[in-house]
Every structure is written in structure tokens, then in C-alpha cells.
Amino acid sequence: MNSLESDSGASSVESGGRSNFIRDIIIEDVKSGKHGGRVQTRFPPEPNGYLHIGHAKSICLNFGLAAEFGGRCNLRFDDTNPSKEETEYVDSIMEDVRWLGFQWDGLFYASDYFSQLYEWAVQLIKAGKAYVCDLSADEIRQYRGTLTEPGRDSPYRERSIEENLDLFERMKKGEFPDGSRTLRAKIDMSSPNLNLRDPVMYRILHLDHHRTGSEWCIYPMYDYAHGQSDSIERVTHSICTLEFENNRPLYNWFIEQLGIFPSRQFEFDRLNLTYTLLSKRKLLTLVQQGHVAGWDDPRMPTLSGMRRRGYTPEAIRNLCANISVSKTNNTVQLSLLEHCVREDLNRRAPRVMAVLKPLRVRIDNYPDDLVEEMDAVNNPEDESAGTRQVPFSKFLYIEQDDFREDPPRQFFRLAPGREVRLRYGYFITCTDVVKDDDGNVVELHCTYDPQTRGGNAPDGRKVKSTIHWVSAAHAVDAEVRLYDNLFTKENPGEVEEGEDFTANLNPNSLEVLTECKVEPSLRDAAAGARYQFERLGYFSVDSDSYSEKLIFNRTISLRDTWSKIEQRAKK
RNA sequence: UGGGGAGUAGCCAAGUGGUAAGGCAGCGGUCUUUGGAACCGCCAUUCGGAGGUUCGAGUCCUCCCUCCCCAGCCA
């Protein structure tokens, strides 16, 4: 269950040239003509949860390396444990891999190989390399010994081959209850590597499997299934995460005993991210306990969550290319991911004006019924994106944060008596402030300079600030969901005695704004569409959005120097 | 106290005996109709520590220290 996170790597199609030790090994192997220069990899998730950004590292590595060396990469579901696996997960995994931008060559399931695996087990029994053991799970543990003490041989270790064959067949036929017997490899109970102390190959599980139904009641363990699956697919480079290093001798042992295609395993460091949990078990808990709305909640580090939030596959692939691949335990700062997201969105997201917390503005000297269409640039980073028109009129909304009755030093935006530019509009000057009974500012009176249409002053005078706005009469109502880190700690797994990781949940990770006003061009925005709300950040239309009610997710804010200045001033 | 891995800047990371790449973050500046973007500059006399070999060591040798993984009929 935790393993998926474990099979991951990094690199991407566009990372192509970036060096990492696995790539170096492949270059050597190709050069020396190993396997005829053929490169075959695989991405082997267990369908027991949704893919997250840690898996993206593995996907990019496996598919990226195959692509770079003209090889092939399979998608193989490691479905050897029917108690945890579901079809829902295999569907989501396929969708996510495709969304990330990869297409597998072969699509396989470890369960495709159950018959072959069974035959090989019989072969090992006949060779005296495996035996049926009647020890209980608890007894097996006791016989295994400890890190510093060798284990003891099972009393069933020396059963005759005939008896083993008979028992194993009856296990398969369902004659024995769950947990009553196992098939074990006969290796070495005193090995310093605990994985080699007669590991369990098969356990009895009277459970329906998502693909094989009730055909089997014995299921192979990971160690007995994974290497052979690789071998069957003639995988040349089987890439997995560091915690499987101890399993490599066992991976090799089965392949050697069976004399089958010698796939080789290489281990790399999995991805960790600050303020983020990448454990499928814990993510499942968040979903089941309702701390988030589902696997695709935009606060989740799942690929489906990030997709819904508005992250692009390119940004994620870019992160994977940036972090490289090594063998050191590491935790990448979230800011690097955020950088990748901004970098990509900056290039491609159309700009648009939206006011999240509206403050009404009346332009006293502007004609009551006049509406002007102002030309606005869609994307300064991309001339081909063209321009659009935005309506301007006497009543507007601006951002509450863009006005201060008593502006601090370095605050350049609107204040009483101060002139600013309305982007693509006019220069306006604040002349009066209207407050409610509680003293809250509810409306501003301003005057505009008709000479500054479009935002340029013929007399060349400068203004310190440009702010965004929306015409009140033309604005479209919208809901905007603001997200913050799901956890308050850099390492969400770090908890006080007696607490679990949910104690580190950020109570303010979601803020819903329901009174937002967006420019009319957004009226028919399609779900999934991504925009930059000028001066605010990148937003995408949520899948909950429908025609009467626009809903946006804030993907990520723009870099905000003003908030830095402000925070520094507070200290 | 067994075995398997890993230590280069706040984070990630190149480096494979010839004098410490790059990115993120941070800091300073230029430019700007987004306090965005872009651009320029600064940011490791030193590579976990101590010895040793060498004309020369992050790279080789010795000892030491720290961190991670393994005692599921999970993956």
C-alpha cells in the first residue's frame, strides 16, 4: 500500500538531456550492447489509491528514459492484493498517466501472470527451493529472529517435495482457511537480510479479485510477483524507490532460480515535498475522514487534485525534470513546484480582470449612461493571443485591498486625494469616502481625467500604481475558492506524542469568496479553463461550475512583493 | 548492538585527481499600463569530521560522526 509511492523516479520527456545515475547506467548498457541495446521500463502502480505527484516523478523517469533511448514503457498494475485494490483506482491511474502526457506501450496486470507464477512456484517446489509452511503469521514472525539475531528454521521446512506439491495444490483448490498455510522460499533463516529468511511467496486469501474474480484463493506476494512480472515483460531496467534496496537480492534470487530473463532493479529516491503528505495511506485517511472533499480536492497532492486546481501537466513534468534523480533522502521545497506552475501559466494563461473583494466606485464626472469598450491585451507574453474589449462605465468595482484610507508608507494604490490608473481605463482620483454605520468603507467617490483614456496621460504625468477593476453593470458574479497549504507544518508527519498527522491540518486551507465580480468575457468560461486574474494570480474554472454560477479555483497567486514589504513592516 | 543505503549553500543538485555548474529561495538594482513578467548583480576559500597519499583531493586510503531503510501472510 505504501509502495506505490515507492516506485517513483524523475526526469521527463523534456528533461531528456539531464544527467542522473540511472540514465548513466542505461547509456553504458546501450553502449555495451546489453540486451541488444534494447531499453524496456515499466510504471507499476498498485491500484489501491490515486496517483500523486510522487508518482509523477516515477512516471516521468520511466516513460522519459524509454522515450529518450527509443525504448518502450509499460503500464503494469501491481494487483496482487485483492483486499485493497479496486477498478476505480485503475481507471483513475490510466486517466492520470495520459493527462500527464504519456502513452504506455503495453498495458498489463500482475494478475495476468497468476497462472505462470503458479507454475513457477511448482517448479521451485520440485527443485526443493520452496515449501508449504503451517506456521501462523505470529509464529513466522517469532521464527524470523530479529535484526541482530538469526531466525530459526520452520519445523515444516523439510517436508518432502511430494507433500509440498500436494499441499500447495490443495491451497490453490481452497481446502484451507485464510492464514492457515503459506508457500515459502527456502533460502536462509540466518541471512542478515531479513528478506531472505524464507520469505512468504503465497498466502491464502478467499477474496474476489477485481480482475480474476473468484478464480484464485491464493495470491502471490510482491516479492514473488514483481521481478517475474518484469522478467515476463523483458523489462531491462526496473526502476523503483530506495526502500526496495533490501529486496533486490530476493528479486535476483527468484530470477536466478527460475533461470528467466534477467531484469535488473535500480533504486532512486522518492519525492518529498514540504507542507505535503505523499503517503497513499494517509491521503486515503484524509478522504475517508472527510478532511477533504475527495481524491480530487484541489488541496490534494494527487494528480487529479492538481489537475482540478489548475496545475498543468507541463508544470509537473518540469518539476520532475528540475529535481533530478539521486539516492539521497530529500525534501523539495514547495516553492519550487510553485515556480514551475507560475512559469508555465505565465506563458499560456490569458489575462482577465476580476475583483475578489469588491469595493464600489462611483466616478462622479463620468456620464451616467455612457459605456465605453476599452481595448485590453490578452497576454503580454504571447502577442498571438490578441486583444479583447472590456466595458467601462460610471460605476465600477475595485479590490478592497487596493484602497487605504490611511495609506502606510510604500502603499502606492488608491487613497483619498491620490490618483491611480485603472488598467486599460482612465486615471482616477479619489475625492470622497462613504462609510456605513460601523465605519466600514462601502463606496468611493472619484473623478476621472477624460484625457487619459486607455491609461496614458498626454501630459506625460506618471502615476505610482495601476489597479484592476470591473464595470458594475457588466460584471458577472462568481465564486472563488482560495487555497492554502493543507498542512501547517513543513513536515506534516511530525506530530506530538499521542497525535496523528491530522493534528497538523491547516484549518484555513480553504477560503470561499462568494461575492466576486469578473469581467463579462468570462461569462461562458469552460470548466478547466485557466486564466490569470491580473495582479492576483492564476485561476481555473472548477468542475462544479455551471452556467448560472461560475466557480474558480485559485491555482496559485502571483508573486507578491507588496505583501512582503507589508509583512516586513509589521516586524 | 546485524545488514543495506546516503552525507556538496536555507532546499534540490552537477562534479568520476587539475583548483566548487545550474535551478529554487533570499538580497540589491534596471525596466514596467499587472508591486506580475523580463533583465542585471550578489549569495560555498570549501564539500559531515579527523588524519593520510599526491605537485595537486569534494573526488583515492584509514578511522570516526550523522541520517534513512529492513523484523507484513503490504507494496
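FYI, side chains are in, hydrogens and waters are out, and symmetry mates aren't considered; it's all heavy atoms of this structure. Residue numbers begin at 1 in each chain, while the letters A, B, ... track the order of the sequences.
A sub-4.0 Å separation between OP1 or OP2 of B:C74 and a side-chain N or O of A:K280 is absent. In terms of phosphate contacts, A:S19 brings a side-chain nitrogen or oxygen within less than 4.0 Å of OP1 or OP2 of B:G15. Here A:T328 does not reach the OP1 or OP2 of B:C68: none of its side-chain N or O atoms lies under 4.0 Å away. In this structure, A:R270 does not reach the B:A6 phosphate: none of its side-chain N or O atoms is under 4.0 Å from OP1 or OP2. A close approach under 4.0 Å does occur between a side-chain nitrogen or oxygen of A:S326 and OP1 or OP2 of B:A13. Between A:R141 and the phosphate of B:G72, there is a side-chain N or O to OP1/OP2 separation shorter than 4.0 Å. For the pair A:R559 and B:A37, the criterion of a side-chain N or O lying under 4.0 Å from OP1 or OP2 is met. Regarding contacts with the backbone of B:C12, every side-chain N or O of A:T331 stays at 4.0 angstrom or more from both OP1 and OP2. Residue A:R203 has a polar side-chain atom (N or O) positioned under 4.0 Å from OP1 or OP2 of B:C74. Residue A:H468 has no polar side-chain atom (N or O) positioned under 4.0 Å from OP1 or OP2 of B:U34.
For A:P192, taking side-chain heavy atoms from C-beta onward, the closest of the listed nucleotides B:G36, B:G2, B:G28 is B:G2. Which of B:G23, B:G28, B:A71 sits closest to the side chain of A:L336 comes down to B:G23. In this structure, of B:G35, B:G4, B:G72, it is B:G72 that holds the atom nearest to the side chain of A:R144. Side-chain proximity of A:T146 to B:U34, B:C73, B:A71: nearest is B:A71. Set against B:C73, B:G5, B:G35, the side chain of A:R413 has B:G35 as its closest nucleotide. Set against B:A71, B:C73, B:G5, the side chain of A:L147 has B:A71 as its closest nucleotide. Comparing B:A37, B:G5, B:C12 against the side chain of A:E381 picks out B:A37 as the nearest. Between B:A71, B:C73, B:U34, one nucleotide has an atom nearer to the side chain of A:T466 than all others, and that is B:U34. When the nucleotides B:G10, B:G15, B:G36 are ranked by their closest atom to the side chain of A:Q333, B:G10 comes out on top. When distances run from any side-chain atom of A:M221 to the nucleotides B:G35, B:A71, B:C74, the shortest one goes to B:C74.
Within the nucleic acid shown, A:D178 has no heavy atom closer than 4.0 Å to any nucleic acid atom. At a threshold of 4.0 angstrom between heavy atoms, the contacts of A:Y202 with the nucleic acid are absent. Looking at heavy-atom distances under 4.0 Å, A:R351 makes contact with a base. Counting non-hydrogen atoms under 4.0 angstrom, A:F411 reaches a base of the nucleic acid. At the heavy-atom level, A:T80 lies under 4.0 Å from the strands shown only through sugar-phosphate atoms. Here A:N193 lies out of heavy-atom contact (under 4.0 Å) with every strand. Within 4.0 Å of A:E338, counting heavy atoms only, lies no atom of the nucleic acid at all. Within 4.0 Å of A:I140, counting heavy atoms only, lies at least one base atom of the nucleic acid. Note on A:P249: nothing from the nucleic acid sits closer than 4.0 angstrom, heavy atoms only. At a threshold of 4.0 angstrom between heavy atoms, the contacts of A:K564 are confined to the sugar-phosphate backbone, with no base atom among them.
Between B:G72 and B:U66, the distance separating the two P atoms is 27 Å to the nearest Å. Here, B:U16 and B:C65 have their C1' atoms 25 Å apart, quoted to the whole Å.
In this pair, A:F244 and A:Y222 present their aromatic rings tilted. The plane angle is within the 30 to 60° band.
Comment: A:R388 does not engage A:D375 in a salt bridge, judged by the lack of any side-chain N to carboxylate O separation of less than 4.0 angstrom. Under 4.0 Å is where a charged nitrogen must lie from a carboxylate oxygen, and between A:R270 and A:E243 at least one such pair does. Of the charged side-chain nitrogens involved, at least one lies within less than 4.0 Å of a carboxylate oxygen, so that A:R181 and A:D134 count as a salt-bridged pair. A salt bridge links A:D112 with A:R211: at least one charged nitrogen is closer than 4.0 Å to a carboxylate oxygen.
Put simply, the side chain of A:N246 and the base of B:C69 share a donor and an acceptor less than 3.5 Å apart.
Panel note: side chain A:T276, backbone A:T274; a donor-acceptor pair is recorded below 3.5 Å.
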>> Could you go through A:T466 and A:R421, starting from their C-alpha distance and side-chain angles, then the distance that decides it, and tell me whether this counts as side chain to side chain donor-acceptor pair (under 3.5 Å)?
In response: CA-CA 5 Å; A:T466 299; A:R421 171 168 42 234; 3.1 Å; yes
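Between the side chains of A:N322 and A:N318, at least one donor N or O sits under 3.5 Å from an acceptor N or O.
Here B:G41 is in the anti range [glycosidic angle more than 90° from 0].
Across every strand in view, B:A6 sits in a pair with B:U66 that passes the Watson-Crick or G-U test at under 3.5 angstrom.
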